[in-house]
Engineer: 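The structure's right below; bear with me while I get my questions together.
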Amino acid sequence: MDNNCIFCKIAAGEIPSSTVYEDGEFRVIMDISPAAKGHCIILPKEHAANIFELSEETAGKIFAVAKKVATAMKEELGCEGINVLQNNGEAAGQTVFHVHMHLIPRYKGDGIQMHWTPQEAYDFAAVASAIAAKIQ
Ligand code: 5GP
Ligand code: ZN
């Protein structure tokens, strides 16, 4: 736990939050500035700033939590879709440097923007094999 980290304190229950789900390793809470009603964030109890620092064990479990909560959200909210979003680094839009995963309820025509302009094609095979060579 990092004593300067607000999400560590929320995950540990030291700061109260509207909790949707909790187990030994995660707490899922309502986002304080939601993109839509029911927007949740999944907080690992282990402090890691981002996906690069997160343990493989926790990384392997977080999507199971996402599935569990997203299923309940869909049933309760009646949303037509859910975005699972996870930002790493300021350049990627991360603002709180304790790794977390967003679950954002979506409806057709809701106006939430999450799109990019496709860039020109490049040498996909070369970049794929360069990245592949770095996988440990
Ligand atoms: P990021 O941009 O880092 O992926 O997302 C951080 C999210 O955490 C934002 O959507 C923001 O609204 C939310 N957030 C920041 N501080 C708090 C807080 O103290 N409590 C809750 N519940 N959400 C927070
Ligand atoms: Zn933390």
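Computed over heavy atoms, backbone and side chain alike; hydrogens, waters and symmetry mates excluded. Indexing begins at 1, ligand by ligand and atom by atom, following the structure's order.
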Engineer: Should the proximity of L85 to ligand 1, defined as any heavy atom under 4.0 Å, be assigned to the side chain, the backbone, both, or neither?
Structural biologist: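 It is neither part, as no heavy atom is under 4.0 Å.
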Engineer: Would S17 count as a contact residue for ligand 1, given that I'm defining contact as a non-hydrogen atom of the residue lying under 4.0 Å from a ligand atom?
Structural biologist: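 Per 4.0 Å heavy-atom rule, S17 does not contact ligand 1.
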Engineer: Short N/O distance, under 3.5 Å, between D31 and ligand 1?
Structural biologist: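 Between D31 and ligand 1 (N or O atoms, distance only) the closest approach is under 3.5 Å.
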Engineer: Which of the atoms in ligand 1, numbered in the order shown and given with their element, are less than 4.0 Å from a heavy-atom of H102?
Structural biologist: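 Under 4.0 Å from H102, ligand 1 has these atoms: 1 (P), 4 (O), 5 (O), 7 (C), 10 (O).
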Engineer: Does at least one non-hydrogen atom of I15 fall below 4.0 angstrom from an atom of ligand 1?
Structural biologist: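 Not so, I15 does not reach ligand 1.
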Engineer: Taking all non-hydrogen atoms of both residues into account, name the closest pair between T19 and R27 and its distance.
Structural biologist: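 It is OG1-NH1, 2.9 Å.
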Engineer: Would you list the protein N, O or S atoms within less than 2.8 Å of the Zn ion (ligand 2), leaving out water?
Structural biologist: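 Correct list: C5 SG, C8 SG, H47 ND1, H98 ND1.
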Engineer: Give a yes or no on whether the backbone of G89 and the side-chain of Q94 come within a donor-acceptor separation of less than 3.5 Å.
Structural biologist: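 Judged by distance alone, yes, a pair lies under 3.5 Å.
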Engineer: Relative to the heavy atoms of N87, which atoms of ligand 1 are at a distance of less than 4.0 Å?
Structural biologist: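 Going through ligand 1 atom by atom, the ones under 4.0 Å from N87 are 1 (P), 2 (O), 4 (O).
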Engineer: Side chain or backbone, does M30 bring an N or O within less than 3.5 Å of an N or O on ligand 1?
Structural biologist: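 Yes, since at least one N or O of M30 sits under 3.5 Å from an N or O of ligand 1.
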Engineer: Looking at I104, L85, N83, I112, which one forms a side chain to side chain contact (heavy atoms under 4.5 Å, CB included) with H39?
Structural biologist: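 For H39, the side chain to side chain contact (heavy atoms under 4.5 Å, CB included) check succeeds only for I104.
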Engineer: Measure from the side-chain N and O atoms of K45 to the backbone N and O of A12, and report whether any donor-acceptor pair falls under 3.5 Å.
Structural biologist: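 Not a single qualifying donor-acceptor pair exists.
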Engineer: Would you call I82 and M73 a side-chain contact if the rule is heavy atoms closer than 4.5 Å?
Structural biologist: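 Yes. Closest side-chain heavy atoms under 4.5 Å.
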Engineer: With heavy-atom distances below 4.5 Å as the criterion, would you say the side chains of Y21 and I42 are in contact?
Structural biologist: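 Not touching, per the 4.5 Å side-chain cut-off.
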Engineer: Where is the nearest protein heavy atom to atom 3 (O) of ligand 1: which residue, which atom, and how far?
Structural biologist: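 Answer, as residue, atom name and distance: T95 N, 2.7 Å.
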Engineer: If you count the atoms of ligand 1 from 1 in the order shown, which ones are under 4.0 Å from a heavy atom of V96?
Structural biologist: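 So the answer, numbered in order with elements, is 3 (O), 6 (C), 15 (C).
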Engineer: Please check this pair: side chain of N87 against backbone of E90, looking for a donor-acceptor N/O pair closer than 3.5 Å.
Structural biologist: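 No; judged by distance alone, with no hydrogens or angles, the pair does not exist.
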Engineer: Atoms of ligand 1 less than 4.0 Å from H100 heavy atoms?
Structural biologist: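 Once the distances to H100 are compared, the set is 1 (P), 3 (O), 4 (O), 5 (O), 6 (C).
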Engineer: Hey, is the main chain of S55 close enough, under 3.5 Å, to the side chain of E46 for a donor-acceptor pair?
Structural biologist: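 Indeed, once roles are kept as given, a pair shorter than 3.5 Å links the two residues.
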Engineer: Considering heavy atoms of the protein only, find what lies nearest to atom 23 (N) of ligand 1 and give residue, atom and distance to 0.1 Å.
Structural biologist: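 In this structure, atom 23 (N) of ligand 1 has I32 N, 3.3 Å as its nearest protein heavy atom.
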Engineer: Consider every N or O of G93 and every N or O of ligand 1, then say whether any pair is closer than 3.5 Å.
Structural biologist: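 The answer is yes, given that G93 and ligand 1 share an N or O pair closer than 3.5 Å.
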Engineer: Check whether any side-chain heavy atom of H102 sits under 4.5 Å from a side-chain heavy atom of C40, and report yes or no.
Structural biologist: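 A side-chain contact is absent here, since even the closest heavy-atom pair is not under 4.5 Å.
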Engineer: Return the minimal non-hydrogen interatomic distance between H100 and Q86, and the atom names on each side.
Structural biologist: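 Closest heavy-atom pair between H100 and Q86: O-CG, 3.1 Å.
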Engineer: Any side-chain heavy atom of I62 sitting closer than 4.5 Å to one from E25?
Structural biologist: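 Contact flag for I62/E25 side chains = no.
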Engineer: Consider every N or O of I6 and every N or O of ligand 1, then say whether any pair is closer than 3.5 Å.
Structural biologist: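 There is no such contact.
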Engineer: Which residue and atom name correspond to the protein heavy atom nearest atom 8 (O) of ligand 1, and how close is it?
Structural biologist: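 The closest one turns out to be F7 CZ, 3.4 Å.
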Engineer: Just by distance, do the side chain of D2 and the backbone of H47 share a donor-acceptor pair under 3.5 Å?
Structural biologist: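 Side chain of D2 to backbone of H47: no pair is present.
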Engineer: Among all residues two or more places apart in sequence or in another chain, which pass the side chain to side chain contact (heavy atoms under 4.5 Å, CB included) test with I6?
Structural biologist: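 Counting only residues at least two positions away or on another chain, I6 forms a side chain to side chain contact (heavy atoms under 4.5 Å, CB included) with I10, I15, V96.
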